[in-house]
Number of protein chains: 2
Amino acid sequence: MLTRAEEDHLKAVHRLLEDGIASTNAIAERLSTKTSSVTVMLQKLTEKGLLNYQPYKGVTLTREGREQAVALVRKHRLWETFLVEQLGFGWDEVHEVAEQLEHIQSPKLVDKLDDFLGNPAFDPHGDPIPGKDGKVRLRQTKRLEMCGPGESVRIAAVSETTDGLLRLLDSRGLRIGSYLHVQDVHVFDGSMDVKPKTGAPFNLSKTVIHHLQVEPA
Amino acid sequence: MLTRAEEDHLKAVHRLLEDGIASTNAIAERLSTKTSSVTVMLQKLTEKGLLNYQPYKGVTLTREGREQAVALVRKHRLWETFLVEQLGFGWDEVHEVAEQLEHIQSPKLVDKLDDFLGNPAFDPHGDPIPGKDGKVRLRQTKRLEMCGPGESVRIAAVSETTDGLLRLLDSRGLRIGSYLHVQDVHVFDGSMDVKPKTGAPFNLSKTVIHHLQVEPA
DNA sequence: TTATATTTTTAGACGCATCTAATTATTCTC
DNA sequence: GAGAATAATTAGATGCGTCTAAAAATATAA
């Protein structure tokens, strides 16, 4: 069984490997610790068979390590879903609490929570929730940026979840699952006129559009 | 902010004070640690203003300590209620998980959970759930033992929650909130014939009856 | 390609919560 | 009330996860 610190390091490695390599520096940055502390933990996790690690050569996950990391992601996203959908938290205020809840040890709890929520495929941020078997169901999504006039889409994810962006979307009544009809695209500034399912059309700036992942409605 | 170990010790003191004094021995026993470890923690919690403690003289809670302890009890019982009522756990298998969940730090989460569950007054074991203000709503209950033929009651609590007893009650379809009509009391062995709301009457032994707290139905 | 800058690792220390062993208080018993 | 039994505390050690400082390996640039 892993300690909380071990789980945090494992998750950081997994996350960082998603877009490139997991450097000692980046891991330390992510966990707000020092690189020397990270090195020690990498050695320990290697000892436990969760990482492939050679001094100065970088690190990758073993099969077992990946499974454990994915299990943590699953827990994190299920709890976020619970907090937003059931308890009425704002989707921009759940991360910290989910960060704690993901360390609760009880396989039965995770599976029951999954069922309780209706085995959701995506969390409130639109990120896919791995299933019990660790598999994620992928969807074909694209950036709203890539859509043309006349297209009807559903917001599937927000790629950068800064507080500012989340609040902006919130003020427009937009969240994961919202439906949009693209009315017009303005070439000169990259902005877009969109119409929600209900209510009046409005304009979205290039910056916002860039961070919205959508799927065909 | 308290560490997990500190919270565990605080809760143990609170629990033990309920039926008498909280001896260093009893605390250690409860937490599966050694008395020397307990002494150190008592000193630390005193330092933090949560306990009144004098070497060899025993320990009591300060106002602040009691508030924190009650808050932990509140969290524990709310989570147990959630696990049983919402996720479908058996009431005899939630303690361990709730023991973990009670350490989650998020006042907002506790209050939202409370609302989500409909501000329940009692947990699945029939123990009262302190409110946000720390107050508990007391009920007049008595032992089923004390009831006579013709009385209709509702099971309010089980005073000894051993696995064996819980399973026995479960097999009879009995849990907190179940309604019973007392049909007959057998003086020679202290057993009782009772009839549930639905289904056939059955007999409950003196031992079982002794542990059932009931309120007027 | 050699010097310099950056990254990573190692070595040694610290705080926390625990332990064992030894010591000190308190309580019980005759 | 004195000695024995019990309970509680202190002293010192250990494991864990972190830190700082120093050393080693790798990458960059003139």
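Worth knowing before you read on, the calculation uses all heavy atoms, side chains too, and leaves out hydrogens, waters and symmetry mates. Note that the structure is predicted; figures quoted are calculated from it, not measured. Letters go in sequence order (proteins before strands), and every chain restarts at 1.
A:Thr60 pairs by the side-chain hydrogen bond (donor to acceptor under 3.5 Å, both in side chains) definition with A:Asn52, not counting sequence neighbours. A:Asn203 pairs by the side-chain hydrogen bond (donor to acceptor under 3.5 Å, both in side chains) definition with A:Ser191, A:Asp193, not counting sequence neighbours. B:Val153 is linked by a side chain to side chain contact (heavy atoms under 4.5 Å, CB included) to B:Leu144, B:Cys147, B:Glu151, B:Leu180, B:Val214, counting only residues two or more places apart in sequence or in another chain.
Looking at residues 6-25 of chain A, you'll see A:Ser23, A:Thr24, A:Asn25 sit with a heavy atom under 4.0 Å from some atom of DNA chain C. Proximity of residues 99-106 of chain A to DNA chain D (heavy atom under 4.0 angstrom from any strand atom) is not detected for any residue.
A salt bridge is absent between A:Asp133 and A:Arg74: the closest approach of a Lys/Arg side-chain nitrogen to an acidic carboxylate oxygen does not fall below 4.0 angstrom.
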Only pairs under 3.5 Å count here: list side-chain donor-acceptor contacts from residues 79-90 of chain A, not counting sequence neighbours, and write none if there are none.
| unit_1 | atom_1 | unit_2 | atom_2 | d |
| --- | --- | --- | --- | --- |
| A:Trp79 | NE1 | A:Leu101 | O | 3.4 |
| A:Glu80 | OE1 | A:His125 | ND1 | 2.9 |
| A:Glu80 | OE2 | A:His76 | NE2 | 3.0 |
| A:Thr81 | OG1 | A:Arg77 | O | 2.7 |

N/O donor to acceptor pairs below 3.5 angstrom from side-chain atoms of residues 27-39 of chain B, sequence neighbours left out:
| unit_1 | atom_1 | unit_2 | atom_2 | d |
| --- | --- | --- | --- | --- |
| B:Thr39 | OG1 | B:Thr35 | O | 3.2 |

Heteroatom pairs (N/O) under 3.5 angstrom, protein to nucleotides 25-28 of chain C:
| unit_1 | atom_1 | unit_2 | atom_2 | d |
| --- | --- | --- | --- | --- |
| C:dT26 | OP1 | B:Lys57 | NZ | 3.2 |

Polar-atom pairs under 3.5 Å, protein N or O versus N or O of nucleotides 20-22 of chain D: list them with distances, or write none.
| unit_1 | atom_1 | unit_2 | atom_2 | d |
| --- | --- | --- | --- | --- |
| D:dT20 | O4 | A:Ser36 | OG | 2.9 |

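The nearest whole Å value for the distance from the CD atom in A:Glu29 to the C1' atom in C:dT7 is 14 Å. The nearest whole Å value for the distance from the CG atom in A:Leu42 to the C1' atom in C:dT9 is 11 Å. Distance, A:Leu31 CG to D:dC19 C1': 15 Å, rounded to whole Å. Rounded to an integer number of Å, the gap from A:Gln43 CD to C:dT10 C1' is 9 Å. Per the geometry, CZ belonging to B:Arg4 stands 18 Å off P belonging to D:dC16, to the nearest Å. If you take CE of A:Met41 and C1' of D:dC16, they are 9 Å apart, rounded to a whole angstrom.
For residues 32-52 of chain B, there are no ring-ring contact (aromatic ring centres under 6.0 Å, His included) pairs, not counting sequence neighbours. Within the structure, every pair that satisfies the salt bridge (Lys or Arg N to Asp or Glu O under 4.0 Å) test and touches residues 5-15 of chain B, not counting sequence neighbours, is listed here: B:Arg4-B:Asp8, B:Glu6-B:Lys44, B:Glu6-B:Lys48, B:Lys11-B:Glu99, B:Lys11-B:Glu102, B:Arg15-B:Glu18, B:Arg15-B:Asp19. Within the structure, ring-ring contact (aromatic ring centres under 6.0 Å, His included) contacts touching residues 12-68 of chain B (residues at least two apart or in different chains) do not occur.
Contact annotation: A:Tyr53 side-chain N/O to C:dT8 OP1/OP2 distance is not under 4.0 Å. At the phosphate of D:dA8, neither OP1 nor OP2 sits under 4.0 Å from any side-chain N or O atom of B:Gln54.
At distances below 3.5 Å, not a single donor-acceptor pair connects side-chain atoms of A:Lys75 with backbone N or O atoms of A:Val110.
A donor-acceptor pair shorter than 3.5 Å cannot be found between the side chains of A:Glu96 and A:Gln100.
Note that the CG atom of B:Asp92 and the CG atom of B:Leu169 stand 10.0 Å from one another [nearest 0.5 Å]. With rounding to the nearest 0.5 Å, the separation of OG1 in A:Thr207 from CD in A:Glu145 is 9.5 Å. A:Ile155 CD1 to A:Leu174 CG: the interatomic distance, rounded to the nearest 0.5 Å, is 4.5 Å.
Using a 4.0 Å heavy-atom cutoff across all strands shown, B:Thr33 reaches sugar-phosphate atoms only and no base atom.
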